[in-house]
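Below is one structure, written out as structure tokens, with a few remarks after it.
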4 protein chains.
Amino acid sequence: MTSAQTNRMNIRYTDKRQRILDATMELIAENGLHNTPMSQVSKHSGVSAGAIYHHFPSKEVLINQLYLLEKQRVMDATFGELDNTLDYRQQFYQLLELTYGYFIRYPQKLSLMEQCANSPLISEDTLKAKLNYEQIAAQFILRGIEQGQLKDLNLALLMSLLFSQIVALVKLPSVGQPVTEQLKQQAFDCCWDSVSA
Amino acid sequence: MTSAQTNRMNIRYTDKRQRILDATMELIAENGLHNTPMSQVSKHSGVSAGAIYHHFPSKEVLINQLYLLEKQRVMDATFGELDNTLDYRQQFYQLLELTYGYFIRYPQKLSLMEQCANSPLISEDTLKAKLNYEQIAAQFILRGIEQGQLKDLNLALLMSLLFSQIVALVKLPSVGQPVTEQLKQQAFDCCWDSVSA
Amino acid sequence: MTSAQTNRMNIRYTDKRQRILDATMELIAENGLHNTPMSQVSKHSGVSAGAIYHHFPSKEVLINQLYLLEKQRVMDATFGELDNTLDYRQQFYQLLELTYGYFIRYPQKLSLMEQCANSPLISEDTLKAKLNYEQIAAQFILRGIEQGQLKDLNLALLMSLLFSQIVALVKLPSVGQPVTEQLKQQAFDCCWDSVSA
Amino acid sequence: MTSAQTNRMNIRYTDKRQRILDATMELIAENGLHNTPMSQVSKHSGVSAGAIYHHFPSKEVLINQLYLLEKQRVMDATFGELDNTLDYRQQFYQLLELTYGYFIRYPQKLSLMEQCANSPLISEDTLKAKLNYEQIAAQFILRGIEQGQLKDLNLALLMSLLFSQIVALVKLPSVGQPVTEQLKQQAFDCCWDSVSA
DNA sequence: GATGAATGAGGATTCATTCAT
DNA sequence: GATGAATGAATCCTCATTCAT
């Protein structure tokens, strides 16, 4: 087998794998974790049922991996995009903006995460791995504490409070409350007031 | 039918209905919304499969009603228990304490609510009814605004921010962070800082 | 128990029995033999489920008896109403008119009979009893043969041919063909031509 | 996919589909439309329960399709076999013979058709499609009228009268009357007399 | 490796019948 | 006798997974 062939196959392999993951997320966001049979994933992704099981040993594993992958992507798209030339408070607001914007842009991803977060389908191992991905968030919070910008409290607490408030904001429209630019800024202020020193 | 008979029947009726609801909640909290077949609800509640359908026309309705009932109960057990002789800030902290305590005491209920909140099984009607039950919360927030204790922001926003933070606190142990009395008080302060004027 | 009491009870008994039979027929005609649960018969007749089983040992028996009863009623309402002062041919046409009119007036009855006629729910015994009820028809046909008005053929054949054609006429609208007075008379002529000498 | 593969698959596909249809017809004729669970169809056809649903989306659709298919087959086996070198009256008698013979040879098919004809399981669409299949009968009748052989009456009426009489003849044995060759010929004459000019 | 038809255990729901009151 | 809640076997259908091709 030539290196070109290997390469092409990897591309294809990744391609199929990604198509499966994409289809799964779309369907789960649309129809729910349990109204998404593998047969639909197959149809929607254009990958045959058998081939899906070549990439993922079971539906459970597929969903766990999807969940982790998306977790990673949110972290990258938010903490990974921070402008280090800004001061801490500005970075804090930038983080809120990035996170809020990400979920507004990809509402499916929030839907997926929320459904998975409370599902017994997600394994302990996955939850542990998820915590690892959140290290980058922990470091950001820690820096804030060290700089005297944030309350000197438990890291996990601060992260949870922060994330939960952003999600609450993103979901406001789902309880009938549209989010204007002004409302968003006010919410961001609440977040800051919640954890700032 | 004598009044005694009526009474006995109502007791029985309520009894069975309640046993079904209780069993359903326990099983959903334990195994998840979709790993809870009606046959298990039947076994666990001691009510035959057919009889469940005398009380609830379908699994969907059963779960929707259960969700609403529990929503109502949380509201009663929290906002309903506030001590009106206290000043606003004290009531605010009492509310946090009551809500936190309720979910710590009945972790199943939080599990149920979180699973339902993101499930397509919950109907639009149920969500509307849920909003109604939350009127009492809205009034509490409104009072805080009028008294100048809370930020003069959108009601739905303040409620969502508040509730999401309490839930985040209750779930801290599930991300490996035990909650001490001190941590709890600090979290409550964050909540207050988040929304207070 | 006084005779008056007995009498009253019989009236009631018959009344309930009849209400059950009526409800059953209406529901079967409306929803079909197998979309008619006993619970609906109970609701529609106003007779409790338990009481129905006091009058009929099973759904099967109920339907068999209903079928026989209605068979008897058609025979009474048709052959039983013939005007003996008319000549044979006139009586023949009167019979067609009566039978056609009966089923047009009570379409539920035809629906019931057709559903039952081809159902394994109807027992051999019921079918035999049905043949007995048709003796009156056999006699009418026989008279026609003796008078040289009808073909001298097998009785069962003539009866079947006749009855099947009337039913075919009654059901014409169900295949999209309305029945005018003229069409009806033409159909009657066909019947006559079919079996007349 | 090679052409041989395609061919083999089609054979198999048709084979399984046909086995399901065959089993369904046999069971319905034997036990009735509503005493024929899909599990029995599965056992009797040798096709797994799930696989049946690959071929037919529901029991209802299965039965509707079976009904239509059989309707089509009767039409083919009767009107499709007429000898056009014969004169009209001879063809008429040939048609009676073919139809009678078909149902005597396949009594299950008559049982199926009669059960379906009066069942709410059969959809409006199926009934419309059935009417289409009967066009060939309508043409045959029309030709008879044009040639002055049949009464100049409504097409639907003549068809219904004719078909109902043949069915009545086929079912004579079920009311205890065996059909001899002579009786059959006499019945055919009745049919002819019924509609001939 | 890829396909997608096939499997069959498991799920929600119905309903004839019973029986405690 | 009357009631109607309760029973639970039976039904239709789904879907994760496998495997012959």
Side-chain angles (χ1 to χ4, degrees), chain A residues 9 12-13 16 34-43 46-63, chain B residues 1-2 4-6 8-9 12-13 16-17 34-43 46-62, chain C residues 9 12-13 16 34-43 46-63, chain D residues 1-2 4-6 8-9 12-13 16-17 34-43 46-62:
Chain A
M9 285 178 64
R12 286 219 168 164
Y13 181 87
K16 262 193 186 175
H34 291 276
N35 290 309
T36 300
M38 292 297 262
S39 57
Q40 257 190 61
V41 172
S42 166
K43 237 173 271 172
V47 178
S48 75
I52 293 178
Y53 281 85
H54 182 65
H55 293 272
F56 303 93
S58 72
K59 185 182 180 180
E60 194 177 333
V61 169
L62 163 58
I63 289 174
Chain B
M1 193 182 285
T2 69
Q5 274 177 329
T6 310
R8 221 175 306 132
M9 286 179 62
R12 288 236 159 156
Y13 181 85
K16 238 169 207 187
R17 192 187 152 85
H34 289 277
N35 291 307
T36 301
M38 293 299 258
S39 57
Q40 259 190 59
V41 173
S42 165
K43 246 174 258 173
V47 177
S48 76
I52 295 178
Y53 285 86
H54 275 282
H55 295 274
F56 304 94
S58 70
K59 185 182 181 180
E60 192 177 336
V61 168
L62 163 58
Chain C
M9 286 178 62
R12 288 219 166 159
Y13 181 89
K16 264 192 183 173
H34 290 276
N35 290 309
T36 300
M38 292 298 261
S39 57
Q40 257 190 60
V41 173
S42 167
K43 237 174 271 172
V47 178
S48 76
I52 293 178
Y53 282 86
H54 183 64
H55 292 274
F56 303 94
S58 72
K59 184 182 181 180
E60 193 178 334
V61 169
L62 163 58
I63 288 174
Chain D
M1 192 183 285
T2 69
Q5 274 177 327
T6 309
R8 221 175 305 133
M9 285 180 62
R12 287 236 161 160
Y13 181 85
K16 238 169 208 191
R17 192 186 151 86
H34 289 277
N35 291 307
T36 300
M38 293 299 260
S39 58
Q40 261 190 57
V41 173
S42 166
K43 245 174 259 172
V47 177
S48 77
I52 296 178
Y53 287 86
H54 275 283
H55 295 274
F56 304 94
S58 70
K59 186 182 179 180
E60 192 178 333
V61 169
L62 164 57

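Lettering follows sequence order; numbering is per chain, from 1.
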Report the nucleotide, chosen from [options], that has the shortest atom-to-atom distance to any side-chain atom of [X].
X: D:His55; options: F:dT7, E:dT3, E:dA6; value: E:dA6
X: C:Lys16; options: E:dA6, F:dA6, F:dA2; value: F:dA2
X: C:Tyr53; options: E:dA16, E:dT3, F:dA2; value: E:dA16

What closest approach, in Å, do [X] and [Y] show between heavy atoms, and which atom pair accounts for it?
X: D:Arg17; Y: D:Phe56; value: NH1-CE2, 3.5 Å
X: D:Val47; Y: D:Lys16; value: CG2-CG, 3.6 Å
X: A:Ser42; Y: A:Ala49; value: OG-N, 3.3 Å

Rounded interatomic separation in angstrom, taking [atom1] from [X] and [atom2] from [N]:
X: D:Lys43; N: F:dT11; atom1: NZ; atom2: P; result: 9 Å
X: D:His34; N: E:dC15; atom1: NE2; atom2: P; result: 11 Å
X: A:Gln40; N: F:dT14; atom1: CD; atom2: C1'; result: 12 Å
X: D:Ile52; N: E:dT7; atom1: CD1; atom2: P; result: 10 Å
X: C:Ile63; N: E:dA16; atom1: CD1; atom2: P; result: 9 Å
X: C:Glu60; N: E:dT17; atom1: CD; atom2: C1'; result: 14 Å
X: C:Lys59; N: E:dT18; atom1: NZ; atom2: P; result: 15 Å
X: C:Asn35; N: E:dT13; atom1: CG; atom2: C1'; result: 14 Å

By nearest-nucleotide position on DNA chain F, the 5'-leaning member of C:Ala49 and B:Gly46 is C:Ala49
With nearest nucleotides of DNA chain F determined for A:Pro57 and D:Pro37 from heavy-atom distances, which residue corresponds to the more 5′ nucleotide? D:Pro37
Provide the Watson-Crick or G-U wobble partner of E:dT7, both distances under 3.5 Å; none if there is no partner.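 Answer to the pairing question: F:dA16, which forms a Watson-Crick or G-U pair with E:dT7.
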Paired to E:dA2 by Watson-Crick or G-U wobble criteria (both distances under 3.5 Å) is F:dT21
Looking across every strand, which nucleic acid part, if any, lies under 4.0 Å from A:Met38 by heavy atom: base, sugar-phosphate, or nothing?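 The answer is base, as A:Met38 lies within the cut-off (heavy atoms under 4.0 Å) of a base atom.
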Determine the contact category for C:Ser58: base if any of its heavy atoms lies under 4.0 Å from a base atom, sugar-phosphate if only primed atoms, P, OP1 or OP2 are that close, otherwise nothing. sugar-phosphate
If we only count heavy atoms from C-beta on, is the D:Met38 to D:Leu62 side-chain gap below 4.5 Å? yes
Result for 5'-nearest mapping on DNA chain E, choosing between B:Gly50 and B:Thr36, is B:Thr36
Can you find an N or O donor on one side and an acceptor on the other, under 3.5 Å apart, linking the side chain of D:His54 with the base of E:dA5? no
Within this structure, what is the CG-CD distance for the pair A:Asn35 and A:Gln40, rounded to the nearest 0.5 Å?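 If we round to the nearest 0.5 Å, A:Asn35:CG and A:Gln40:CD are 8.5 Å apart.
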